[in-house]
Amino acid sequence: MRRRILDIVMWSLFGVALALVVLPAIDIIVGILAQSAGSWSPELLFTPTSGVAGGLLNAWTGTLMLMALLLIMAAPIGVLGGIYLAEFGSQRLAQILRFGSETLAGVPSIIVGYVIYLVFVVKFGWSFSALAGGIALTIMVIPYIMRSTEAALRQVPTNLREGGTALGLPPSLTIRRVLLPMALPNIMTGLVVAEAIAMGETAPLIYTAGWSNSLPTAQLIHQPIGYLTYVVWTYINQPFSQAHQLAYSAAALLLVLLLLLIGLGRLISARASRFNDRFQV
Amino acid sequence: MATHLEKLSTPGRKDIPVEAGEEFGILDRVLRFLGLAGAIIPTAAVLFIAAVLLVSALPSILFNGLGFLYHQSWNFGNFYSSATVTHNGIQAPTGASYGALPIIIGTLLTSIIAFVIGVPIAVGSALILVEKVPPPLRRTLSFFLELLAGIPSVVYGLWGLIVLGPFLAGHIYPILARLGAIIPWLGPPVGSGLGLLTAGLILAVMIIPIVASTTRDLLSQVPVLPREGAVALGLTSWESVRLVSLPWVFSGIVGASILGWGRALGETMAVLIVSGNGANFLPQNIYSPVSTIAATIVALLDSAESDPTGLAVSALAEAGLILMLITLATNILARLMVRRVSSTSLPIGRGV
């Protein structure tokens, strides 16, 4: 009997724990969306900020611009690095490089931002700029992309590689024609996660990307760029209710974008599992 | 062989002439080289970051000596006076003195609170998710873990500032403060709800996804035979979890928890917003305003730039160096613990 009661008590406690995970998540989403609900309007999305008021056009376009820069810089490095770790690297070297990459993932984001600030913004004289911000984000997310690419390739059965070798294909061709297409969905999920991380970062951007009230341009250095997370943290500290509204709206927009990215990730992995079922992997 | 298979066709794609083997030999080498270059970048970046931090922290290390670790006041000195003082060959504005003890303590305390509160909740919720929740619901509930992992840290901060902080200060902390009669550091004053405990709680929510998703994945790998054995012996499900599943995955959970702790140590924006910015003093009780190393770097870099001697920027670099050493130690420890016992490697960063 005592054992039965202990069983019930423990599982109830775990149930409470689960509630403590789910409730804050719901409260954050509902709370932030409700706070910002009053200020949703087309002007919010299509006018730039001016002073402590205005809209978020410069901020969300800046965020998209940084995400695009990230994709251009981080995706090739991460995917190529992941291919190397999974397919080429000798056991020992791959282990060292993997360890280095995991270590980088553990470096606090503010430290990455601080170093990029010292080197690119100050030393190289780029001043606050899209490229400096993009580089800071790139350094942060490469480990994620590399890890997911490597894991995706490792999931492809070895006999496909052997088949490639048996046909006399050079490794690069096997990788390009056989392994990459099969690993692609998981690699793409990794890229989506990387984009979600980059979208939500603030600390590495404050002293690298700066902030700007105007729209992002093709000029990548010597010109600061706006982004959504900056609005949240700066404007909430302003003593004006307009500024607070803008901070809530930016936070809500970030959550909506996050939900879209999570949805995209799920869509890709759902398609991936259909694909894998078809090929009996 | 090339004569037999003159062309190797893949459906729906351009045919590939196999005779072009030479060309592919080059392609192989190019891919190998580019891959190596990509794979080296993270490791190179870590070394680069460490080197830059060390070099720019050097003036501060020389000027402040070991006092940096145990002094309590962080003082830029007077930027506008032309008089400077020199110590160990390093010039500084008059009155400059740097002591990082409060922010080191703040960093450790907030992250330890996050660890103590977050880990049991994460493990408990992962247990019930794997053992009791039916699979369709499990997918839905796992979505919340993904969500918590993805919510930007400024949004956590905003939520802490406008929802959690006021709620705790109004309803929870006054009750908790009554325990002050028994445990002094729980006693009043409770303040505005922005401080050590609130920061720790926000961090707890932020590290839950890392620990919970790893625990969930590890638990679902526990082989079914020993668990069936436990059931056959007539153990209740809690006993089977305690005696079979948990020991099986224990070191993995420890590793994930240490990794979560590392994340809490380096978290910046949420802490900056909800910590109450208590600079230059040690926390008086658990509600006291605090600051952390990461938050201090963001908060002070702007004004540090006006130091004509550059020492203020250097002191922040030294604080960053200390933070980096602490987080790297936790990360390496976590990964070594898991690698020793399990083939699954830990998630990186937020554990999505």
Side-chain angles (χ1 to χ4, degrees), chain A residues 3-4 6-7 10-11 13-15 17-18 20-22 24-25 28 31-32 77 80-81 83-85 88 97 100-111 114-115 118-119 139 142-144 147 168 170-173 177 193 196 200 202-203 206-207 229 232-233 236 251 254-255 258 262, chain B residues 1 10 24-25 27-28 31-32 34-36 38-43 45-46 49 52-53 56 121 124-125 127-129 132 141 144 146-148 150-152 154-155 157-159 161 163 205 208 212 236-238 262 266 268-269 273 294 297-298 301 320 323-324 327-328 331 335 348-349 352:
Chain A
R3 291 172 53 214
R4 198 44 53 80
L6 184 67
D7 192 57
M10 289 314 289
W11 287 113
L13 284 179
F14 297 154
L18 186 60
L20 287 176
V21 173
V22 174
I28 291 172
I32 301 283
I77 297 174
L80 283 168
I83 291 175
Y84 183 84
L85 291 184
F88 290 115
L97 295 178
S101 169
E102 285 169 354
T103 309
L104 179 61
V107 175
S109 59
I110 177 64
I111 296 210
Y114 191 61
V115 166
L118 289 175
V119 175
I139 289 183
I142 286 175
Y144 294 84
R147 157 71 74 90
S172 60
L173 194 62
R177 285 292 164 89
V193 171
T202 323
I206 293 174
Y207 291 105
T229 47
V232 181
W233 110 267
I236 198 64
L254 280 166
L255 289 178
L258 174 68
I262 291 179
Chain B
M1 198 180 88
T10 321
F24 283 124
L27 222 76
D28 272 357
L31 186 63
R32 214 186 152 88
L34 288 178
L36 182 61
I40 282 178
I41 284 179
T43 311
V46 172
I49 289 169
V52 171
L53 275 185
S56 48
I121 292 179
S125 56
L127 278 174
I128 198 166
L129 212 54
K132 297 285 179 186
L141 290 176
F144 286 105
E146 233 174 295
L147 194 64
L148 282 181
I151 290 176
V154 278
V155 176
L158 186 64
W159 180 69
L161 183 71
V163 180
V205 180
I208 282 173
T236 63
S237 58
W238 158 241
T268 313
M269 300 314 294
I273 298 173
I297 294 177
V298 172
L301 184 53
L323 175 62
M324 179 151 166
T327 47
L328 289 193
N331 254 275
R335 290 185 196 284
I348 50 183
V352 186

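All heavy atoms count here, side chains included; hydrogens, waters and symmetry mates do not. In this text the structure is predicted, and so the values were computed from the model without any measurement. Numbers restart at 1 for each chain; the letters A, B, ... are given by sequence-line order, proteins then strands.
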Quiz item: When only pairs under 4.5 Å are counted, which of A:Ile142, A:Leu6, A:Ile77 shares the most heavy-atom pairs with chain B?
Solution: A:Ile77
Practice problem: Return the minimal non-hydrogen interatomic distance between B:Pro42 and A:Ser101, and the atom names on each side. | Solution: CB-CA, 3.7 Å
Quiz item: Taking side chain as C-beta onward, heavy atoms only, is A:Tyr114 less than 4.5 Å from B:Leu53?
Solution: yes
Quiz item: After noting the C-alpha distance and the side-chain angles of A:Thr103 and B:Asn331, does the key distance pass the side chain to side chain contact (heavy atoms under 4.5 Å, CB included) rule?
Solution: CA-CA 7 Å; A:Thr103 309; B:Asn331 254 275; 5.9 Å; no
Quiz item: Do A:Thr229 and B:Val155 have side chains that get closer than 4.5 Å, going by heavy atoms?
Solution: no
Quiz prompt | Approximate separation, where rounding is to 0.5 Å, of A:Trp233 CH2 and B:Ile273 CD1 | solution = 7.5 Å
Quiz item: How about A:Pro170 and B:Leu27: do any of their side-chain heavy atoms sit closer than 4.5 Å?
Solution: no
Quiz prompt | Heavy-atom contact with chain B under 4.5 Å, split by part of A:Leu254 | solution = side chain
Practice problem: Side chain from CB out, backbone as N, CA, C, O: work out which of these in B:Thr268 comes under 4.5 Å of a heavy atom of chain A, or both, or neither. | Solution: side chain
Exercise. Identify which of A:Ile83, A:Val22, A:Leu20 forms the greatest number of heavy-atom pairs closer than 4.5 Å to chain B.
Key: A:Val22
Practice problem: Check each atom of B:Ile208 against the heavy atoms of chain A and say whether the ones under 4.5 Å are side chain, backbone, both or neither. | Solution: side chain
Practice problem: Tell me, out of B:Gly262, B:Gly266, B:Ala294, B:Ser125, who's got the most heavy-atom pairs with chain A below 4.5 Å. | Solution: B:Ser125
Self-check item: Interface moiety of B:Val163 toward chain A, non-hydrogen atoms closer than 4.5 Å
Solution: side chain
Quiz item: Where does B:Val154 contact chain A at under 4.5 Å (heavy atoms): side chain, backbone, both or neither?
Solution: both
Quiz item: Does the pair A:Leu97 and B:Ile40 meet the rule for a side chain to side chain contact (heavy atoms under 4.5 Å, CB included), with working shown?
Solution: CA-CA 6 Å; A:Leu97 295 178; B:Ile40 282 178; 3.9 Å; yes
Quiz prompt | Minimum-distance pair of heavy atoms, taken over all atoms of A:Tyr84 and B:Ala39 | solution = CD2-CB, 4.0 Å
Practice problem: May I ask you to name which of A:Pro171, A:Ser109, A:Pro24, A:Ala251 has the most heavy-atom pairs under 4.5 Å with chain B? | Solution: A:Pro171
Quiz item: Is a side-chain N or O of A:Tyr207 found less than 3.5 angstrom from the main chain of B:Val298, in a donor-acceptor match?
Solution: yes
Self-check item: Closest contact, heavy atoms only, A:Pro108 versus B:Thr327
Solution: CD-OG1, 3.5 Å
Quiz item: How long is the gap from CD1 on B:Ile151 to CD1 on A:Ile28, to the nearest 0.5 Å?
Solution: 4.0 Å
Quiz item: Contact part of B:Ser237 toward chain A, heavy-atom cut-off under 4.5 Å: side chain, backbone, both or neither?
Solution: both
Exercise. To the nearest 0.5 angstrom, please state how far the CD1 atom of A:Ile206 sits from the CD1 atom of B:Ile297.
Key: 11.5 Å
Quiz item: Can you find a heavy atom in the side chain of A:Val107 that is under 4.5 Å from one in the side chain of B:Leu328?
Solution: yes
Practice problem: Evaluate the side-chain proximity of A:Leu18 to B:Leu129: yes if any heavy-atom separation is below 4.5 Å, no if none is. | Solution: yes
Practice problem: For A:Leu104 and B:Ile49, run side chain to side chain contact (heavy atoms under 4.5 Å, CB included): C-alpha distance rounded to whole Å, both residues' side-chain angles, the deciding distance at 0.1 Å, then the answer. | Solution: CA-CA 9 Å; A:Leu104 179 61; B:Ile49 289 169; 4.0 Å; yes
Exercise. Drop me the distance from B:Glu146's CD to A:Ile262's CD1, to the nearest 0.5 angstrom.
Key: 5.0 Å
Quiz prompt | Validation row: B:Leu141, A:Val21 side chains within 4.5 angstrom (heavy atoms) | solution = no
Quiz item: Less than 4.5 Å apart, any side-chain heavy atom of B:Leu127 and any of A:Trp11?
Solution: yes
Self-check item: Interface moiety of B:Met324 toward chain A, non-hydrogen atoms closer than 4.5 Å
Solution: both
Quiz item: In Å and rounded to the nearest 0.5 Å, what is the CG to CG distance from B:Leu34 to A:Leu80?
Solution: 5.5 Å
Self-check item: Under 4.5 Å from any heavy atom of chain B - which part of A:Leu255
Solution: side chain
Quiz item: With a 4.5 Å heavy-atom cut-off, do B:Leu147 and A:Leu258 have their side chains touching?
Solution: yes
